[in-house]
2 protein chains.
Amino acid sequence: MQGAFNRDDLLEQLARSIFTGEYAPGEFLPREVDICHTYNVSRSTARSALQTLADTGILVRISGQGTRVRDPREWQLLDPRVTHWLTLYSEAGQFYMQDLLDFRASVEPFVTMEAATRASAADLHAIEDALSGMEAAWHTSHAGRIDPLFDVFDVAFHEAVYAATHNVIWTQLSHVLKPIILAQVARTNRTTDSLLESVACHRRVFEAIRLRERRQAGEATQAMLDRTAADLATNAVAF
Amino acid sequence: MQGAFNRDDLLEQLARSIFTGEYAPGEFLPREVDICHTYNVSRSTARSALQTLADTGILVRISGQGTRVRDPREWQLLDPRVTHWLTLYSEAGQFYMQDLLDFRASVEPFVTMEAATRASAADLHAIEDALSGMEAAWHTSHAGRIDPLFDVFDVAFHEAVYAATHNVIWTQLSHVLKPIILAQVARTNRTTDSLLESVACHRRVFEAIRLRERRQAGEATQAMLDRTAADLATNAVAF
DNA sequence: GGTTGCCAGTATGTCCGACATACGTTATTT
DNA sequence: AAATAACGTATGTCGGACATACTGGCAACC
C-alpha cells in the first residue's frame, strides 16, 4: 500500500473508493491527516488530490467540519475524468450511467447529420482511416480471438464524426462520451460475424456523410445504434 | 492590490488575466514565487489556484519549466466556470464563443422536443413559474427602465426546459450554457415591446410542451431563437 | 425554563522553509 | 562533432506551525 504514492496515484485511489461506493454520497471521508498516514503522503499532496475531486463537484470540503461525498447530481459528468471513473469503477446501473447511454443514443444521429453538412476533406479522411482500421482488425481476428484494435478504431470512428461537426462543444462531448462508447462497443463486438456487420453499418454512415446526405446520415446512424442495442440485449443473457 | 487575497480571489484574478488575453495561449505565466509576491499569498495558495486552472485544461504545468497557457482547444468548455469566465472577460469573437452560441441554437429545439415528451407535472410548474416571473417583470418595467428580473426569469425558463428532459447531461449542459444565454437575453430584451413579444414566444413553447406536441415544441423554439437572432442583428448596429 | 453567550475541540485553510525531481542550457569529455 | 556531465531554474513534495470556521456543551442571564 505504501510504495511511491504521488498526487495522481492518490487521486485515482480516492476516486476508485468513491465510485465503487466505499464512501457513499453524504458520507464523510477520513480526515486529511488520516489519509496522509493511510497512503503515506504529505498533507500538501492529500489536499491537492482532494481539491481536484472537490473541483469536479464530487466532494464538498467545509472548514472545521470535514470532507464528504456530494449528491451525484452535483458531480460534473461533463468532465471526461468523471465519466472515465464512472465506467471504470461503477456498477452498470449505478449513478447516472443510464443517462449517459440515453444521451449518446439520442444525440448521435443529430451529430452525424451535422457532420454530413460540415465535414471537410480532412474530416472525411479521418473517418475513413478509422473505418479502414476496423476492417484491418477484422482481417486479423479469428473465431475465438477478436483483435482488440477493432474497438479502438470503432471508438476513433465515432470521435472523428463528432469532430467533423466543427464545433468544439460536440468535440469535447465526444471526449466525455468516449469511455461510455468504448464500454459499449467492447460488449458488442464479440464474434467475427458481428464485426463484419458493424463495419457495414459504419460504412453506410460514412458514405452518407461523404455524400452530404443529411437525412440519410441520420437514418444510418439510427440503424447502427439499433443494431448495437439489439446486440447488447442478446449478449445480456450471457452475463 | 494586496488586501485579503484568498485562494478564490486569486483564482478569479488569474482567470481574468488569461481570458482578457493578458497571458496569450502558449505564453508563460510568472513563476509561482512571483505570483506569491504580486498577490501577497503563500506558495500553497498560489499552487492551489494554479492547479485548478490546470485541471480545467487552461494551464499546463511542467516541472522544471514553468506554467503556460494551453491552446484554447484544450480548455474544458464544458465546465460552467470556464463559460462563465469566457462571457465575463472575453471579447465577443474571441476563443470559442461562437461555437457555444451555435451549439445552443442548434440543440435547443431538440431539447424542447425531449422536454415535450418527458416533462412531469413538477417540470411544467417550474417552467410556468419562470414564465409568470417574466410577465410580472414586464408589468414592473417602463419605457426607459427594464426590470432586470426579466432576464433572470428568462434564463430560468430555459434552464427549466433543459431540466424537463430528465437527463442529467442536458441539465448540466444548461449550466454550461447559462452564462451564454444570459449574455444573449441581456442584449435582446431592451424595450417593453420586445419583452412582450418575448413572453409570447416563450408561452408558445411552454404550451407545446404542456400538450406534449413534440414537433410543435421544436418549431416554437426555432421561432423563438430566430426572433432572438433578428433582434440581435438590429441591436448590433447600436453598438 | 428557555435563550444567549462563551469556550474548548476538531478539521480545513493558509503560511513558511526546506529538499526532491524534472527540464533546458552550457560546459566538458571523448 | 557527438555524447555526456554539470549547473541553473521551476515545479513537486514534505513537515510543522498557526489561522479560521464549524460543532457542541456548559454556564450565565432574562
Side-chain angles (χ1 to χ4, degrees), chain A residues 1-15 17-18 22-71 74-75 81, chain B residues 1-15 17-18 22-71 74-75 81:
Chain A
M1 179 65 85
Q2 54 185 339
F5 259 76
N6 60 18
R7 192 199 91 98
D8 291 328
D9 296 331
L10 176 59
L11 176 61
E12 206 62 25
Q13 282 293 321
L14 291 176
S17 297
I18 295 166
E22 186 176 335
Y23 302 118
E27 271 182 26
F28 277 95
L29 261 70
R31 305 178 314 176
E32 291 178 353
V33 184
D34 293 331
I35 293 178
C36 297
H37 289 114
T38 304
Y39 296 100
N40 197 27
V41 295
S42 73
R43 224 185 120 205
S44 322
T45 306
R47 282 181 55 76
S48 178
L50 288 169
Q51 190 206 305
T52 295
L53 289 170
D55 281 339
T56 56
I58 293 170
L59 298 179
V60 55
R61 291 158 62 66
I62 301 180
S63 177
Q65 190 176 12
T67 303
R68 54 166 62 187
V69 181
R70 294 184 80 164
D71 187 307
E74 307 294 325
W75 296 4
R81 288 172 304 185
Chain B
M1 176 66 83
Q2 53 186 342
F5 260 76
N6 60 18
R7 183 194 164 268
D8 291 328
D9 296 332
L10 175 59
L11 176 61
E12 205 60 26
Q13 282 294 320
L14 291 175
S17 298
I18 296 166
E22 185 176 333
Y23 302 118
E27 272 183 24
F28 277 95
L29 261 69
R31 306 178 313 176
E32 291 179 353
V33 184
D34 293 332
I35 293 178
C36 296
H37 289 117
T38 306
Y39 296 99
N40 197 27
V41 294
S42 73
R43 223 187 122 205
S44 320
T45 306
R47 281 181 55 76
S48 178
L50 288 170
Q51 189 206 304
T52 294
L53 289 170
D55 281 338
T56 57
I58 294 170
L59 299 179
V60 55
R61 291 157 63 66
I62 300 177
S63 176
Q65 190 175 14
T67 302
R68 52 168 57 187
V69 181
R70 294 186 81 163
D71 187 308
E74 306 295 325
W75 296 3
R81 289 171 303 186

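Lettering of chains follows the sequences in order, A, B, ..., and the numbering in each one begins at 1.
- An OP1 or OP2 oxygen of D:dT11 is reached within less than 4.0 angstrom by a side-chain nitrogen or oxygen of B:Thr67.
- Atom CZ of B:Arg31 is separated from atom C1' of D:dT9 by 8 Å (rounded to the nearest Å).
- Checking C:dC16, C:dG13, D:dC14 against the side-chain heavy atoms of B:Ser44 singles out C:dC16 as nearest.
- Phosphate contact (OP1/OP2 of D:dT13, side-chain N/O of A:Ser42, threshold under 4.0 Å): absent.
- A:Leu59 places its CG atom 11 Å from the P atom of C:dT12, with the value rounded to the nearest Å.
- Side-chain contact of B:Asp9 with B:Gln13: a donor-acceptor pair under 3.5 Å is absent, judged by distance alone.
- At whole-Å resolution of the value, CG in B:Asn6 and P in D:dT20 are 12 Å apart.
- In terms of phosphate contacts, B:Ser63 brings no side-chain nitrogen or oxygen within less than 4.0 Å of OP1 or OP2 of D:dT11.
- Rounded to an integer number of Å, the gap from A:Arg61 CZ to C:dT14 P is 10 Å.
- In terms of modelled atom types and a separation under 3.5 Å, the side chain of B:Ser48 and the main chain of B:Ser44 share no donor-acceptor contact.
- Using a 4.0 Å heavy-atom criterion, one finds that A:Arg7 contacts the sugar-phosphate atoms exclusively.
- Along DNA chain D, the nucleotide closest to A:Gly64 and the one closest to A:Asp8 are compared, and the more 5′ of them pairs with A:Asp8.
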Carefully, step by step, assess B:Ile35 and B:Leu50 under the rule side chain to side chain contact (heavy atoms under 4.5 Å, CB included). CA-CA 10 Å; B:Ile35 293 178; B:Leu50 288 170; 4.1 Å; yes

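- Taking atom CG of A:Leu50 as the reference point, atom C1' of C:dG13 lies 13 Å away to the nearest angstrom.
- Side chains of B:Leu59 and B:Val69 form a contact here, defined as non-hydrogen atoms less than 4.5 Å apart.
- The distance from atom CD of A:Gln51 to atom P of D:dG12 is 13 Å, rounded to the nearest whole Å.
- At a threshold of 4.0 angstrom between heavy atoms, the contacts of A:Thr45 are confined to the sugar-phosphate backbone, with no base atom among them.
- No donor-acceptor contact under 3.5 angstrom links the side chains of B:Arg7 and B:Thr45, judged on distance only.
- Here C:dG9 presents its P atom at 19 Å from CD of A:Gln65, a figure rounded to the nearest Å.
- The side chain of B:Arg47 contributes an N or O atom lying less than 4.0 Å from OP1 or OP2 of D:dG12.
- At whole-Å resolution of the value, CZ in A:Arg43 and C1' in D:dA17 are 10 Å apart.
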